[in-house]
Amino acid sequence: MAKFIIKRLLYSILILFFVMFLIYVLMYNMPTSFVETKARELASRPGAAKSYTEWLADLNAQYGMDKGVVQGYLVWLSNAVRGNWGDSWQWTIPVLEKFNNTVWYSFALGLVSFIFEVIIAIPLGITAAKKQYSFADYFTTVVAMISISLPTFFLATLLKYVFAVKLGWVDLTGMQGRDYQFLSTFGKFLDLAKHFALPAVTLTVIGIGSLMRYTRTNMLEVLNSDYIRTARAKGVPEKKVIGKHAFRNTLIPLVTMLGGMLPSLFAGALITETLFGIRGIGYASYYSMTQADIPFIMFYLAFISVLTLLGNLISDLLYAAVDPRVRLS
Amino acid sequence: MASYNLNEILKAKAGRTGNQVAVGLDDVARVKVLSPGRQVFKRFIRNRLAVFGTVLLIIMFVFSFLGPVFYPCGQKEIFYKYDSQNINYALAKEITSYTGYTLSSDISVPRTVTTSVNSVAKSLIEADEDVAILLSDDGEFLLRKVNDDVFVLSSVDAPKVASVGEGRALIGTYDMISGQISFTGQDIEGLLEALTKNFNRTGGNFTFEGVKYSYEKDVAKSYNIYSEMDGVVTFDNSLPESFAGAFEKAADDSAFSFTAGGKTYCIVKGITGSDAYAVSGSEKNALVYTRLTFNVISSDVKVSDQLKANALLNISGGNSFDVDGVKYKITENDGLLILKDSDDKEVAELSSFSVRRYTGEDSIDYDLKKEIEEIVIAMAESGKTTEKFMYNLPYQDENGIYVYDEEGNLQYSEAELTVTQRYTGEYVINCDQVIYVIDMFASSSKEHILGTDGDGFDVLARIMYGGRVSLMVGFVVVFLEIFIGVIMGGLAGYYGGWVDNLIMRLVDIFYCLPSLPIMIILGATMDSMRMDTYIRLIIMMATLGFLGWASVARMVRGQILSLREQEFMVAAEATGIRVRKRIFRHLIPNVMPQLIVIATMGMGSVILTESTLSFLGLGVKHPLATWGTIINSVSSATAMAHYQHIWIPVGLLICLTVIAFNFVGDGLRDAYDPKSKR
């Protein structure tokens with residue numbers, strides 16, 4: 001087991017090394033005019049921490065932009081490994097500070113929608129599988145398909161239109177109400193929760209579909225397997241067949257998948273956060289990307305690459321841990 | 001393979017033998033055999049959702065690719081409309097500034113002079129004087145008043161003859177120790193003797209060559225020497241005796257001019273004193289300034305600038321004058337100055353009250369001008385700030401075109417005009433006019449079934465063209481993905497070993513690359529480079545395809561790994577078929593079903609990605625329509641609230657198309673392999 005973990009870790013690091021190299025090449029080849037114009041623009045904004053020449057000098061020092069690609073990459077890598085990620089241009093504070101300011105909002109949003117997804121999708125998927133080709137099955141299939149096919153921005157706009165414009169229940173964008181500063185701690189929490197409601201609904205609806213289909217498929221497979229037929233044949237009550245024999249076996253792939261999703265809770269929802277003005281990491285990175293804030297973009301891309309690899313690793317390990325038949329080698 | 005229909009075979013048998021034949025249970029004819037393709041097709045059409053998706057897709061393709069052929073509006077066609085709007089029709093005001101008309105183009109008048117004419121003319125009126133001098137580096141100019149409304153600016157030769165005033169000027173310092181004067185300007189010979197003759201250590205004054213001087217202690221043993229000016233200093237000996245007195249008096253009154261000994265002198269006031277200039281020689285008229293405007297009465301005579309200038313010169317006196325061989329005359333009756341030609345026909349009226357179209361052009365007919373003037377005078381008397389009246393304006397039909405009758409005369413129709421006084425003292429005349437505007441945010445109508453958007457584009461046309469682009473992007477990207485994916489996956493699967501290892505590591509890396517952030521960065525970069533929208537489209541498609549091949553490669557490799565071991569491949573190898581043929585003729589066709597499924601599902605996700613990017617404004621750009629940009633154009637809070645008829649149908653279209661692709665993909669997978677995982 002330990003050998004397997006170490007092997008996978010080393011392998012992930014190798015992949016990460018090359019992924020980061022590709023991303024570095026992308027940044028390295030950004031048109032100079034674009035970077036310089038944006039740096040100049042951001043430096044002339046009120047509250048800019050540094051002047052434009054200072055930023056470009058920083059960029060060269062930290063990212064080795066004045067050196068060759070490979071050399072520059074090594075310069076950046078040695079800085080990054082030591083935790084030196086530089087100052088964000090767009091947000092005028094150190095990248096890690098901005099990350100720490102934003103990531104918890106994203107995590108809260110991701111966690112809430114993740115919980116809702118699990119609560120809604122898994123029971124629906126199981127019901128659909130239990131009665132294949134019934135109305136419930138078709139309904140679930142169609143709902144899952146709609147959920148997968150809905151563009152995030154359209155759903156977000158639709159929700160905003162109904163709940164913010166027509167009904168006026170929530171604010172159109174933003175994370176806090178106007179009187180946020182004057183509220184008690186609990187009031188602040190409620191205010192935040194109210195502003196997080198629509199984004200959470202958006203993420204839940206978007207995410208529900210694939211989980212529902214996955215659950216249904218795996219449950220169907222289990223239900224068609226021999227041991228279920230055997231259980232039914234020997235007269236085990238249907239409730240027990242589903243609850244004990246089928247569901248437990250369906251859990252194996254489910255846990256693997258959900259475990260793999262855990263790291264991505266930190267990744268933030270780029271479009272949802274931007275559209276709803278939730279100042280999480282997705283929102284921060286979106287504006288960094290449009291403003292050529294190289295320090296923050298590099299950090300964010302590195303961060304989500306790590307999360308993806310971590311997700312794969314976790315799901316591999318969980319697969320082995322949950323299913324005793326699987327042997328790691 | 002043809003299908004066998006049991007009934008037909010039985011009938012045929014019965015027909016041959018003429019009586020019923022018993023068919024045994026194991027008769028071959030009982031077995032109905034379908035070709036694999038037909039089997040797949042039959043399974044596919046049994047799936048209701050898949051059929052629904054197929055129908056939807058067919059509709060979508062017909063709509064986007066054939067729709068524009070029959071629909072008259074183009075995607076970049078801007079629509080205009082005629083709209084009756086209350087516009088600012090005219091502006092009326094009392095003219096207070098003077099405009100110049102050139103009398104002689106030989107004389108160049110410097111800008112410093114022309115710009116000061118207005119203020120000098122106003123001060124002349126205030127002081128009730130007739131003439132003032134304007135100085136410049138290029139000579140002197142005389143501004144002569146004809147009456148309060150007309151001034152003539154002429155070039156004149158006027159030397160400076162005298163100065164008057166009180167003041168002192170530092171001319172040097174006297175150092176007691178060295179006994180020398182250091183002059184600030186020109187040395188004055190004999191001044192040292194005059195100073196030391198009667199020197200007082202505390203300071204004093206003395207006269208030298210008719211000029212008064214004074215000196216004051218500055219620092220120890222050092223004195224400042226000033227020349228004192230007092231009274232009139234003349235530079236010309238030929239001035240009459242009465243000059244000095246008249247000059248001083250005029251300077252005290254701060255007059256602009258005075259006469260002495262029958263000659264006119266002009267005064268220019270300086271900081272410490274005033275200078276007198278003798279006007280001598282002939283005056284050459286350069287410009288005539290007026291605050292009158294020519295309101296043309298009869299439109300057959302063109303009132304040229306030359307005519308205007310000459311008329312202004314002859315404004316008083318009733319003389320007749322010639323312009324281009326035609327005699328003109330100005331007469332005054334009832335306080336109106338009328339310019340008449342030799343036939344005593346009224347050509348124009350000169351008035352300081354101007355009525356112009358709001359755009360500044362002078363195209364309002366005389367009667368309306370007079371009417372407005374009367375109303376404005378009445379308003380000023382009664383203290384009202386708004387007034388309405390009816391007047392016949394040129395008639396416009398609903399297309400904003402002026403209507404003429406058979407003889408080519410303009411047709412008029414009665415319109416209500418509103419005169420409003422502004423706080424600036426001007427009067428604005430409003431009326432309803434039909435004007436030509438971009439037809440923005442029109443609601444649905446016969447020509448525009450879904451209305452128009454904020455740029456005057458037809459929404460339905462844009463949805464059709466947008467569908468074209470979106471579907472095309474889907475096709476191209478998926479084709480690229482499959483193309484790269486099949487080659488990479490095929491190579492990896494067939495060769496195995498280090499090739500497989502290398503390619504699979506590459507796949508892992510591409511799997512890990514975050515494609516949406518990369519597309520956003522790319523979009524922002526292309527934004528700042530102001531790249532052409534078609535080039536952007538191509539780059540976007542290429543990048544999406546390049547980032548998306550990994551999953552295809554992985555699938556193809558997996559399939560080929562299992563196919564490779566099968567008997568037909570062994571046979572292929574044994575018969576010595578070339579490697580390339582083995583891969584692309586024998587292995588890849590066996591992967592085709594999975595490839596078709598993956599392509600169909602991929603179309604949906606590519607369309608989603610493309611519309612998301614376009615919605616963010618980072619994909620396909622404005623004039624080119626895609627479903628994302630259409631929603632983007634009405635995504636602001638206000639537009640979103642008011643123009644649901646634009647963004648909701650488009651959003652639903654995206655959603656429906658993606659659903660349809662997914663349904664078809666699902667259906668195909670089930671049909672190809674009913675036992676496969678869903």
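Lettering follows sequence order; numbering is per chain, from 1.
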Which region of [X], side chain (C-beta onward) or backbone (N, CA, C, O), has a non-hydrogen atom less than 4.5 Å from a non-hydrogen atom of chain A, or is it both or neither?
{"X": "B:Ile631", "result": "side chain"}
{"X": "B:Met526", "result": "neither"}
{"X": "B:Leu656", "result": "neither"}

Considering only heavy atoms, which portion of [X] lies under 4.5 Å from any heavy atom of chain B: side chain, backbone, both, or neither?
{"X": "A:Met30", "value": "side chain"}
{"X": "A:Met20", "value": "neither"}
{"X": "A:Ile146", "value": "both"}
{"X": "A:Leu16", "value": "neither"}
{"X": "A:Ile304", "value": "side chain"}

A:Asp293/A:Lys98 under salt bridge (charged side-chain N to carboxylate O under 4.0 Å, His left out): CA gap, chis, key distance, verdict: CA-CA 13 Å; A:Asp293 175 1; A:Lys98 182 69 191 173; over 6 Å; no
Leading residue by heavy atom contact count with chain A [cutoff under 4.5 Å; candidates [options]]:
{"options": "B:Ala660, B:Gly628, B:Ser611", "result": "B:Ser611"}
{"options": "B:Ile607, B:Thr525, B:Leu618, B:Leu652", "result": "B:Thr525"}
{"options": "B:Ala524, B:Gly604, B:Gly523", "result": "B:Ala524"}

Approximate separation, where rounding is to 0.5 Å, of B:Phe663 CZ and B:Leu57 CG: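 CG of B:Leu57 is found 11.0 Å from CZ of B:Phe663.
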Euclidean distance, B:Leu608 CG relative to A:Phe154 CZ, rounded to 0.5 Å: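 That separation rounds to 12.0 Å.
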Which one, [options], leads in non-hydrogen pairs under 4.5 Å with chain B?
{"options": "A:Tyr138, A:Tyr300, A:Tyr11, A:Phe18", "value": "A:Tyr11"}
{"options": "A:Thr274, A:Ile271, A:Thr308", "value": "A:Ile271"}
{"options": "A:Thr173, A:Val165, A:Val19", "value": "A:Val19"}
{"options": "A:Leu172, A:Leu158, A:Asn224", "value": "A:Leu158"}

Residue of the set A:Ile126, A:Thr250, A:Thr141 for which side-chain contact (heavy atoms from CB on, under 4.5 Å) holds with A:Arg216: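 Option passing the side-chain contact (heavy atoms from CB on, under 4.5 Å) with A:Arg216: A:Thr141.
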Does the [X] side chain pair with the main chain of [Y], one donor and one acceptor, at a distance under 3.5 Å?
{"X": "B:Thr600", "Y": "B:Phe661", "value": "no"}
{"X": "A:Lys160", "Y": "A:Leu275", "value": "yes"}
{"X": "B:Arg536", "Y": "B:Val620", "value": "no"}
{"X": "A:Asn218", "Y": "A:Pro253", "value": "no"}

Side chain to side chain contact (heavy atoms under 4.5 Å, CB included) between B:Leu49 and A:Val142, worked out: CA-CA 8 Å; B:Leu49 290 178; A:Val142 171; 3.9 Å; yes
Residues A:Arg178, A:Asp171; criterion salt bridge (charged side-chain N to carboxylate O under 4.0 Å, His left out); working and verdict: CA-CA 10 Å; A:Arg178 269 179 228 182; A:Asp171 290 350; over 6 Å; no
